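See below for the structure under consideration.
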Amino acid sequence: MVRFKNRYVLCEVVSEDPRCRQCIEDRAVGLAVRDAIGRVHGDYGLACCSISFTVKYLNAYTGTVLLRCRKDFYRLLCSALPFVRQLESRTQRYPCALRTLHLGGTIRTCQKFLIQYNRRQLLMLLQNCTNEEERRCIQKSLLSCSLTEEQPHSGDEEDDDGIE
């Protein structure tokens, strides 16, 4: 059994329209990237890259996208990413660009890079504060961030057997 090695490309969706980030879907990103590969590298590049190309992760709030492709053809993928100019979602087109942040061999290395990248971005945000009130507001919002499980609103949902 042969293990196929992959490369993971961590990208950021850059757009002037704030609605673009919230409306993107992994299917739309995948189609836009494949279209760009086809335009830049033709049928050969498209066939090579689509062997194991997938969108592994998409965070619509931060605009972070993780793409996977075969190790042999990651250069074709990376060279076509600047040619993504728009994402189409729900019959609307949003002008945007994909900026490559990191290229890694595993998802874990991309996650580690993303944590460090977000820390640097937050430090830059705090350094660019104009007054102390703005700084306190940002620090308060950061400290209030937490992951919690969503509790069911009532016990009726668990016991629901389809009879109303």
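Just so you know, these numbers come straight off a predicted model, no measurement behind them.
- Residue Glu132 qualifies as enclosed at atom CD: its count of foreign heavy atoms under 6.0 Å is above 12.
- In terms of the salt bridge (Lys or Arg N to Asp or Glu O under 4.0 Å) criterion, residue partners of Arg99 (sequence neighbours excluded) are, by chain and number, Glu12.
- Summarising the geometry, atom OG1 belonging to Thr100 is positioned 7.5 Å from atom CG belonging to Leu98; distances are rounded to the nearest 0.5 Å.
- Panel note: side chain Arg39, backbone Val84; no donor-acceptor pair is recorded below 3.5 Å.
- Atom CG in Leu125 sits 11.5 Å away from atom CG in Asn118 (nearest 0.5 Å).
- Atoms CG and CG, on Leu58 and Leu66 in that order, are 10.0 Å from each other to the nearest 0.5 Å.
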Using residues 104-111 as the side-chain source, report each donor-acceptor pair under 3.5 Å to any protein atom, sequence neighbours left out, with the distance given to one decimal.
{"unit_1": "Thr106", "atom_1": "OG1", "unit_2": "Thr109", "atom_2": "N", "d": "3.2"}
{"unit_1": "Thr106", "atom_1": "OG1", "unit_2": "Thr109", "atom_2": "OG1", "d": "3.3"}
{"unit_1": "Thr109", "atom_1": "OG1", "unit_2": "Thr106", "atom_2": "O", "d": "2.8"}

Test log, rule side chain to side chain contact (heavy atoms under 4.5 Å, CB included), inputs Leu114 and His102: CA-CA 8 Å; Leu114 190 58; His102 181 71; over 6 Å; no
Intermediate values then yes/no, side chain to side chain contact (heavy atoms under 4.5 Å, CB included), Val65 and Val13: CA-CA 7 Å; Val65 180; Val13 177; 3.8 Å; yes
Criterion side chain to side chain contact (heavy atoms under 4.5 Å, CB included) on Tyr8 and Leu67, from CA distance to verdict: CA-CA 6 Å; Tyr8 297 90; Leu67 306 171; over 6 Å; no
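- Distance alone, capped at 3.5 Å, is enough to place a donor-acceptor pair between the Ser15 side chain and the Pro95 backbone.
- With contacts defined as side-chain heavy-atom distances shorter than 4.5 Å, the pair Leu10/Phe113 qualifies.
- Sparse packing is recorded around CG of Asp43, with 12 or fewer heavy atoms of other residues, nucleotides or ligands lying under 6.0 Å away.
- We find the CG-CD1 distance between Leu46 and Ile51 to be 10.5 Å, quoted to the nearest 0.5 Å.
- In terms of modelled atom types and a separation under 3.5 Å, the side chain of Asp35 and the main chain of Leu31 share no donor-acceptor contact.
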Side-chain polar contacts of residues 70-82 - donor-acceptor pairs under 3.5 angstrom, sequence neighbours left out - could you list them?
{"unit_1": "Ser79", "atom_1": "OG", "unit_2": "His41", "atom_2": "NE2", "d": "2.7"}
{"unit_1": "Ser79", "atom_1": "OG", "unit_2": "Arg75", "atom_2": "O", "d": "3.1"}
{"unit_1": "Ser79", "atom_1": "OG", "unit_2": "Leu76", "atom_2": "O", "d": "3.0"}

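- Residues Cys96 and Gln86 fail the side-chain proximity criterion, which asks for heavy atoms closer than 4.5 Å.
- Rounding to the nearest 0.5 angstrom, the gap separating the CG atom in Leu126 from the CD atom in Glu134 is 10.0 Å.
- The closest side-chain heavy-atom distance from Asn6 to Ser52 is below 4.5 Å.
- Atom SG of Cys23 sits about 15.5 Å away from atom CZ of Arg93, to the nearest 0.5 Å.
- Remark: Phe83 CZ is loosely packed, at most 12 non-hydrogen atoms of other residues, nucleotides or ligands lying under 6.0 Å away.
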Verdict with supporting geometry, Arg34 and Ser50, side chain to side chain contact (heavy atoms under 4.5 Å, CB included): CA-CA 8 Å; Arg34 286 176 198 219; Ser50 62; 4.3 Å; yes
